[in-house]
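Structure, as structure tokens:
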Amino acid sequence: MILHHVQTSALNDNALAVCLRFCAPQDSIVLSSDAVIALLDQQWLNKLKPFNIMALADDVAARGLTEKHLAASSIAINLISMNEFVAQSLTHQKVITW
Amino acid sequence: MKHICVVFRHAPFGATSSREGIDFALLSASFEQQLCLVFTDEAVLHLLADQQPELAGSKDYVSVFKAFDLYDIEHVLVCETSLQRFGLTLEDLAISAQLASSTVITEQLQQADEVLVF
């Protein structure tokens, strides 16, 4: 079980696309900084749907995104703190930063 | 001894990250780590034969790929989807590499102890 970490915007870097290509069903994906923007885009949300999706709460709030904006998404996104991110990295077998 | 997988996803010449990844891979191999290299997306262009890096003002680090087996790096995987996308085949490549489907690469990433992406 791998924790895939994507931190660049899917609109100007292929990191999320490559991550999704090599992501196994049981893996998790954590989006941070500009990568959280993908959570507003239904096309990306559809591709993220099969996986356990997390996003750094601070990076989401920093950008003025609220539950309302994320509610439009059809998938469960758990917003996590930095401490939770560290905990997640320990419960997974390894972390891949794309 | 760790099984390290190094994934390249950026094009040659544009960024320096690929050069750092190659140096990292060769260094790890010289420390007897078990290496597997994966070239995906535009990074498959690293392996094209007949490159002339000097025309792009870049040092010739492409010839380093030929040293892979010197460092006994045997596992060089090329993403099949990316090759097809660019209309390339294994014959276009400068070194011998294994054509790998997404599932094969996914499996490699699962088995590796560490995966680094450049």
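Numbered from 1 within each chain, the chains take letters A, B, ... in sequence-line order.
- Under a cut-off of 6.0 angstrom, the local environment of CD in B:Q111 is crowded, with over 12 non-hydrogen atoms contributed by other residues, nucleotides or ligands.
- Contact annotation: the side chain of B:I105 never approaches that of A:R21 to less than 4.5 Å [non-hydrogen atoms, C-beta and beyond].
- Side-chain heavy atoms closer than 4.5 Å link hydrophobic residues (I, L, V, M, F, W, Y) into clusters, and following such links, even through other members, never connects A:M54 to A:I75.
- Residues B:Y71 and B:L35 share a hydrophobic cluster, clusters being chains of Ile/Leu/Val/Met/Phe/Trp/Tyr side chains in contact below 4.5 Å.
- In this structure, CZ on B:R9 lies 8.0 Å from CH2 on A:W98, to the nearest 0.5 angstrom.
- Only the side chain of B:V7 comes within contact range of chain A, with at least one heavy atom under 4.5 Å from a heavy atom of that chain.
- Interface summary for chain A: among B:C79, B:S102, B:S82, the most heavy-atom pairs under 4.5 angstrom belong to B:S102.
- Within a 6.0 Å sphere centred on CE of A:M1, other residues, nucleotides and ligands contribute more than 12 heavy atoms.
- When heavy atoms are compared at a cutoff of 4.5 Å, B:T103 does not approach chain A at all.
- By the rule that hydrophobic residues join a cluster once side-chain heavy atoms approach within less than 4.5 Å of another member, B:F8 and B:L27 end up as members of separate clusters.
- Applying side-chain contact (heavy atoms from CB on, under 4.5 Å) to B:V115 and the options A:I2, A:V95, A:I96 leaves one that passes, A:I96.
- Contact of B:C5 with chain A is not made at all, since no heavy-atom distance falls under 4.5 Å.
- Side chains of A:D13 and B:H10 form a contact here, defined as non-hydrogen atoms less than 4.5 Å apart.
- If you check the side chains of B:Q110 and A:D27, you find a donor sitting under 3.5 Å from an acceptor.
- No more than 12 heavy atoms of other residues, nucleotides or ligands sit less than 6.0 Å from atom CG of B:D50.
- Tracing side-chain contacts under 4.5 Å through hydrophobic residues (I, L, V, M, F, W, Y), one reaches B:V6 starting from B:F39; they form part of the same cluster.
- Neither the backbone nor the side chain of A:A17 comes within contact range of chain B; no heavy atom of the residue lies under 4.5 Å from a heavy atom of that chain.
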